[in-house]
Chemist: 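My questions all concern the structure below.
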Amino acid sequence: MLRMLLLCVAGFGLCLGQVLKPGACPEFIPKTDFEVPPYLGKWLEIARFATKDQEGQTCNYAEYSDNGDGTVGVHNAGLEENGTYTEIFGYVETTDVPGALALHLDGVPVVGSYNVLETDYVAYTSVYSCITVIGGFHADQAWVLARHLLTDQELEVALSAFSRWGIEVDRFIFTPQNDCSGLP
C-alpha cells in the first residue's frame with residue numbers, strides 16, 4: 001500500500017513537472033485588493049521556480065486578455081532551447097478570494113491555482129501556486145513577471161512578496177530575456 005501511495009505521489013509530481021517537497025504548502029494570503037482590468041496585457045517572465053517542462057526556455061512571457069465573459073484569456077509563450085517558438089493557451093477565472101485565480105490551460109487536465117501575492121500592475125507581479133498532495137508532500141511553482149526588465153530595487157520588492165510568506169526565493173532561476181528575435 002505504501003509503495004502504491006509513493007508511486008501515485010511521485011507520478012503526480014512528474015505530471016506537474018515540479019519537485020515534490022515534504023510538508024504542506026506554506027500559508028499565504030493573495031493580494032486582497034487585486035483587480036483584473038489593470039492586470040491585463042503582456043508580462044515578461046523574469047524568474048521562475050525550475051520545472052522540467054520549461055527547462056532551457058528563454059524569452060517567456062504571459063499575455064492576459066479580457067474574454068468578455070468574466071474570464072481572462074491566457075497566452076503563455078517563449079522559445080525552446082533550440083530556438084523553436086512554443087505556446088499554450090487557456091483562461092483564468094476569479095474565485096471568491098481576491099487575487100486567487102483558477103487557471104485552465106488547454107490540454108492540462110488539472111485546474112491550477114494562480115495566486116497573485118503582490119503586484120503594482122505597472123512594473124512587477126509576484127505569482128505563486130502550491131498544491132498539497134497525498135502523503136504529506138506539496139508541489140509549488142512561482143513566477144516573477146514584469147512589464148519591462150526590472151531594476152534591482154523592483155526585483156527586490158517583487159521577491160519580498162514571497163519571502164514574507166516563507167517561500168524560498170533562492171529557488172528562483174532567472175529567465176533570459178535577450179535575443180528574443182524568434183518571437184512573433
Side-chain angles (χ1 to χ4, degrees), residues 16-19 28 30-31 33-67 71-94 98-108 112-130 140-165 167-184:
L16 294 175
Q18 298 171 344
V19 175
F28 62 90
K31 185 172 176 60
D33 60 350
F34 178 75
E35 298 178 36
V36 170
Y39 199 78
L40 300 177
K42 187 174 182 176
W43 293 92
L44 302 175
E45 182 185 271
I46 302 302
R48 66 178 179 262
F49 284 2
T51 60
K52 280 293 202 192
D53 61 327
Q54 284 188 285
E55 194 172 308
Q57 289 184 358
T58 63
C59 303
N60 293 1
Y61 67 89
E63 197 155 9
Y64 305 112
S65 58
D66 184 350
N67 282 339
T71 66
V72 174
V74 173
H75 176 218
N76 293 339
L79 297 176
E80 296 286 353
E81 199 165 16
N82 65 5
T84 304
Y85 180 69
T86 183
E87 63 186 340
I88 189 168
F89 293 90
Y91 67 94
V92 294
E93 53 191 346
T94 58
L101 307 170
L103 175 63
H104 305 264
L105 292 174
D106 295 349
V108 178
S113 63
Y114 184 104
N115 298 288
V116 179
L117 298 180
E118 190 58 63
T119 185
D120 68 354
Y121 301 101
V122 296
Y124 75 92
T125 187
S126 303
V127 180
Y128 185 64
S129 174
C130 189
D140 62 353
Q141 182 62 17
W143 300 266
V144 173
L145 306 177
R147 302 282 191 188
H148 57 264
L149 297 180
L150 296 177
T151 65
D152 290 343
Q153 183 178 10
E154 289 169 327
L155 179 60
E156 187 176 314
V157 171
L159 292 174
S160 72
F162 299 99
S163 57
R164 80 168 154 246
W165 298 109
I167 300 164
E168 305 164 79
V169 296
D170 62 342
R171 292 181 50 208
F172 278 103
I173 60 168
F174 289 87
T175 305
Q177 288 290 343
N178 51 345
D179 194 22
C180 297
S181 58
L183 294 175

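All figures in this text were calculated on a predicted structure; none of them were measured in a lab.
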Chemist: Drop me the distance from Arg147's CZ to Leu44's CG, to the nearest 0.5 angstrom.
Modeler: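 Answer for the CZ-CG pair, Arg147 versus Leu44, is 9.5 Å.
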Chemist: Between Phe34 and Tyr39, how do the two ring planes meet: parallel, tilted or perpendicular, split at 30° and 60°?
Modeler: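 Rings of Phe34 and Tyr39: perpendicular, as their planes differ by over 60°.
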Chemist: With rounding to the nearest 0.5 angstrom, report the CZ to CG distance, Phe172 to Leu159.
Modeler: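 Spacing of CZ (Phe172) from CG (Leu159) equals 6.0 Å.
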Chemist: Given Asp140 and Arg171, is the side chain to side chain contact (heavy atoms under 4.5 Å, CB included) satisfied, shown in steps?
Modeler: CA-CA 11 Å; Asp140 62 353; Arg171 292 181 50 208; 3.0 Å; yes
Chemist: Do Tyr85 and Glu87 have a side chain donor and acceptor closer than 3.5 Å?
Modeler: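 The answer is yes; a qualifying pair exists.
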Chemist: Any donor-acceptor pair under 3.5 Å linking the side chain of Glu55 with the backbone of Ala50?
Modeler: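 Here the side-chain-to-backbone pair does not exist.
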Chemist: How far does CG of Asp179 sit from CG of Leu79, to the nearest 0.5 angstrom?
Modeler: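 So the CG of Asp179 and the CG of Leu79 are separated by 8.5 Å.
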Chemist: Decide side chain to side chain contact (heavy atoms under 4.5 Å, CB included) for Thr71 and His104; before the verdict, give the C-alpha distance in whole Å, the side-chain angles of both, and the deciding distance to 0.1 Å.
Modeler: CA-CA 10 Å; Thr71 66; His104 305 264; over 6 Å; no
Chemist: Is there a donor-acceptor contact under 3.5 Å from the side chain of Thr125 to the main chain of Thr119?
Modeler: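 Not a single qualifying donor-acceptor pair exists.
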Chemist: Between atom CG of Leu101 and atom OH of Tyr114, what is the distance when rounded to the nearest 0.5 Å?
Modeler: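 Rounded to the nearest 0.5 Å, the CG-OH separation comes to 7.5 Å.
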Chemist: Tell me whether Glu156 at atom CD has more than 12 heavy atoms from other residues, nucleotides or ligands lying less than 6.0 Å away.
Modeler: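 Not more than 12 within 6.0 Å, no.
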Chemist: Take Phe162 and Glu168, measure what side chain to side chain contact (heavy atoms under 4.5 Å, CB included) needs, and give me the verdict at the end.
Modeler: CA-CA 7 Å; Phe162 299 99; Glu168 305 164 79; over 6 Å; no
Chemist: Does CG in Asp106 sit with more than 12 non-hydrogen atoms of other residues, nucleotides or ligands closer than 6.0 Å?
Modeler: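 Above 12, so yes.
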Chemist: Please determine whether a side-chain nitrogen of the Lys or Arg among Glu63 and Lys42 lies less than 4.0 Å from a carboxylate oxygen of the Asp or Glu.
Modeler: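 Salt bridge between Glu63 and Lys42, a charged N being under 4.0 Å from a carboxylate O: no.
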Chemist: Please report the closest heavy-atom contact between Phe49 and Gln141, naming both atoms and the distance.
Modeler: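 Looks like O-NE2, 3.0 Å.
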Chemist: Would you sort out whether Gln57 and Glu45 count as a side chain to side chain contact (heavy atoms under 4.5 Å, CB included), showing the intermediate values?
Modeler: CA-CA 11 Å; Gln57 289 184 358; Glu45 182 185 271; over 6 Å; no
